[in-house]
Amino acid sequence: MDVELIEIHEFLLAHPPFEHLPESALNALPTQLSVRYLRRGQVFPPDNSAEQLWLLRTGAVEFRDPAGELIERLSEGEHYAAPCSDTPKLATRGKVIEDSLFYLLPCAALQALCQQYPDFQRHFEHDLRARLQQAIQQLQQSHGSSHNLMHVEAGRLIKRAPITIAPDKSIREAATLMSEQSASSLLVLEQGKLIGILTDRDLRQRCIAAGVDVSQALSQIMSPDPDTLESHAPAFEALILMTRRHIHHLPIVDSAGILQGVITASDILHQHNLNTVTLASTIRHSQDLASLASACKQLPELQAQLINNGLSADQLTQALSAVSDGLTQRLLELAEQQLGPAPVPYAWLCCGSQARREQTAVSDQDHALLLDDAFQPEHDAYFAALARFVSDGLDACGFVYCPGDSMASNPRWRQPRRVWRGYFEQWIKQPEPMALMYASIFFDMRAIHGEPALFRSLQQEVLQRCQGNTIFLSHLVGNALKYRPPLGFFRQFVLIHDGEHKDTLDIKHCGLIPVVDLARIYALSAGITATNTRERLKAAEAAGVLSHDGAQDLLHALEFIATLRARHQAEQHLAGLPMDNYLAPDQLSRPERAQLKDAFAIISTMQQAMELHYQSSRLR
Amino acid sequence: MFGTWGLNLQRRRLLAKLPDNPLRDYYRQAFPSAGCDCRSIEFVALDLETTGLDPERDVILSIGLVTIRGLAIELGSAEHHLLCPHCPIPEQSAVIHCITDDQAAKGKDLAEVLPGLLAQLSGKVMIAHYAAVEMQFLDRACRKLYGGGFVIPVVDTQRIAKRSLERRNQVIRGRDLRLAECRRRLGLPHYRMHNALSDALASGELFLVQLAQYDCNKKVALKHFL
């Protein structure tokens with residue numbers, strides 16, 4: 001007998017998860033199916049239907065909650081597996097909204113396939129987390145090789161055993177040892193403990209240029225208490241640390257703290273051609289705005305390259321934020337050279353995505369100036385000029401002016417500490433819509449230049465006020481819930497709650513911002529000082545305001561969405577287009593759409609949990 | 001419109017007349033009555049590919065069939081048989097069904113396949129698109145092999161489509177009644193035509209749609225479709 005249900009076979013072959021089945025299983029599948037047709041308006045699934053998976057061949061089915069709000073819509077090639085679920089929820093009944101033809105697979109046959117093919121099973125796991133985790137791996141694997149900075153451990157880049165010296169040896173002895181070993185750095189050990197590092201640069205700048213006698217002890221010119229990194233950390237972390245600290249040599253220790261060796265910026269440079277350390281170094285040594293601007297032209301290219309090197313989205317934005325921190329600092333130094341020393345101490349605060357270390361090459365600038373309370377009105381001319389210089393500089397370097405004017409060049413955001421304290425007090429006491437908008441910008445703040453102590457005390461006060469202030473927090477929740485992730489996709493459209501379709505997906509506001517907002521609220525409710533969303537979520541878990549599962553779910557959802565965005569931007573760059581946050585659904589593969597839908601579902605669940613916790617729906 | 005009463009009468013007459021053979025076995029089971037609810041009847045959607053349209057001169061090349069039970073097409077019941085025609089396949093039919101002489105040579109004899117086919121159809125209702133061809137060829141085969149004619153209640157999806165166009169006072173062109181065109185009008189997916197099993201499935205699905213025009217929660221009598 002010659003059974004070929006070619007039409008059915010071809011359809012299965014084109015739709016997940018069936019496409020993942022091996023040929024033998026796929027060939028045997030059509031004969032296990034049955035075909036049904038339901039007209040528009042019918043209840044779905046129909047009464048008394050057997051337990052089976054419904055695969056939609058043509059047509060559409062819609063699910064709404066008791067309040068009539070759209071929950072989900074199925075279109076061609078999508079399936080409804082709830083009848084086969086182990087833990088049947090109070091099943092929502094759907095409605096057929098277009099005449100629909102279905103292929104049905106009995107649950108027993110589905111379970112048999114699941115047992116035999118784990119990849120296939122994963123698709124039906126109710127554990128969104130496991131599915132999303134796998135998706136993230138696939139997404140990252142599809143970009144970049146296994147030789148990239150994310151997969152290589154820092155320790156693997158060590159070229160030779162550490163070259164060490166005692167702190168009481170003379171500078172001459174140190175220089176001789178370095179020449180003999182042709183090493184560009186020495187690790188200074190005292191009783192087996194790392195107390196300093198001596199580099200070529202130290203010899204030049206702190207000895208020869210400063211006229212220090214070479215018979216003196218080398219401890220005089222070494223850099224004491226150097227940063228170290230554990231050898232198991234990804235090489236990428238070394239890159240971030242070097243970029244952030246402006247260093248080129250990084251001692252590597254094992255998990256017990258035993259010195260393993262040193263890695264240099266050029267060891268990492270070897271791993272990929274354009275890197276953040278070199279860019280940061282160029283920025284650091286630029287003497288004028290023109291050279292800064294020309295260095296920053298590489299940023300989009302750098303972003304595209306880092307993604308293609310397999311960096312995760314988190315690592316990418318950390319790296320780019322480190323570069324923009326360096327850029328801001330350099331601009332401030334240049335401004336100070338031009339304007340002279342500041343009349344009173346100040347702290348330059350970066351806000352928003354830069355403060356969260358979540359910048360991309362297309363972020364805009366958000367910043368503020370926190371001035372010492374000794375500030376007098378006549379000092380403002382200096383700080384206005386300083387702010388203008390930095391703000392213009394950032395704009396020239398590709399970080400465009402903040403459309404909402406949340407910049408230190410705006411006198412409102414250039415104030416002494418007492419005024420800032422008053423701002424926060426008022427926002428917290430009277431959480432009006434504008435106050436809530438400012439809160440979302442200025443509660444993500446980091447001091448990157450000047451007097452960090454100024455900011456630390458302000459931050460402590462603000463956090464104390466927020467913690468336990470349920471009224472303020474519930475307003476913040478209400479505000480955060482303005483951005484809700486879409487339900488998923490329907491045909492070539494993004495499916496949103498009111499049932500209307502949008503043709504592109506604003507992945508920033510639909511996916512990233514909701515998680516950022518949730519993390520901020522967890523942080524404020526638990527007095528967490530971290531600004532980075534991932535760090536906030538982890539700290540919230542540690543503080544007990546977020547469950548372990550909740551934290552893991554949100555971290556994975558964030559990572560998946562951010563990686564999609566980074567890839568989208570890298571593709572745009574490659575195509576010579578400006579980078580943006582608008583993703584067209586047809587840019588996504590079918591499995592990616594399904595995974596993005598999972599990520600949205602996680603965010604939506606966590607939003608609902610938070611809404612319930614703060615009962616903010618009452619206040620809205 | 002005599003329902004299936006007349007058919008059952010013929011069936012009993014043949015049952016009395018025929019010697020013991022697969023056709024007699026086929027007639028042992030009564031046909032469903034015209035008042036039966038479609039939801040509880042078993043249907044077999046059937047399609048034949050032939051060398052031409054004259055049952056006296058032409059022969060069957062392939063048979064495709066699939067069972068419909070409880071308003072669901074059971075793909076596990078699908079069968080597709082290639083038959084050996086014992087003669088060259090005329091070119092004008094080969095271009096339609098794409099069955100070559102070499103493929104057909106590997107096919108079975110009708111005498112091998114017919115008993116199984118009759119067993120599948122026994123007690124059921126046949127669905128076909130323009131059923132006259134299937135009826136004539138099966139009748140001819142049964143007379144030749146078993147000495148008796150072939151009868152069965154038939155749902156002709158083409159006739160139903162024609163009636164529904166007439167009811168809307170539409171001018172009907174010949175191609176409007178083709179299987180692919182009927183499916184397209186009702187929003188069914190495009191299948192490649194002229195493979196006996198694909199066509200059987202295609203007409204089975206078309207019947208599900210035609211049936212769905214009635215209220216699915218109430219009894220729908222078979223007589224509406226005969």
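To find a chain, count down the sequence lines: A is the first, B the second, and so on, and within it residues start at 1. Excluded from the calculations below are hydrogen atoms, water molecules and symmetry mates; all remaining heavy atoms, backbone and side chain alike, are included.
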Below 4.5 Å from any heavy atom of chain B, which atoms of [X] appear? Answer side chain, backbone, both or neither.
X: I8(A); value: side chain
X: R36(A); value: both
X: L33(A); value: both
X: E76(A); value: neither

*Among I127(B), T67(B), L211(B), L208(B), which one satisfies side chain to side chain contact (heavy atoms under 4.5 Å, CB included) with F43(B)?*
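Filter result, single survivor: I127(B).
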_Counting only non-hydrogen atoms closer than 4.5 Å, does R192(B) touch chain A with its backbone (N, CA, C, O), its side chain (CB onward), both, or neither?_
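Both parts, backbone and side chain.
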*Using non-hydrogen atoms only, which part of L188(B) is less than 4.5 Å away from chain A: side chain, backbone, both, or neither?*
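Answer is side chain: those atoms of L188(B) sit under 4.5 Å from chain A.
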Between [X] and [Y], ring centroids under 6.0 Å:
X: W54(A); Y: Y103(A); value: no
X: Y80(A); Y: F102(A); value: no
X: Y214(B); Y: F225(B); value: yes

*If we ignore angles and hydrogens, is there a donor and acceptor under 3.5 Å between the side chains of H129(B) and D156(B)?*
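Side-chain D/A pair, H129(B) to D156(B): absent.
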*Does the cation-pi check pass for R73(A) over F63(A), that is, NZ or CZ under 6.0 Å from the six-membered ring centre and within 45° of its axis?*
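Judged by the rule (NZ or CZ under 6.0 Å from the ring centre, within 45° of its axis), R73(A) is not positioned above F63(A).
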*Most contacts with chain A, counted as non-hydrogen pairs under 4.5 angstrom, among L201(B), L186(B), V113(B), I73(B)*: I73(B)
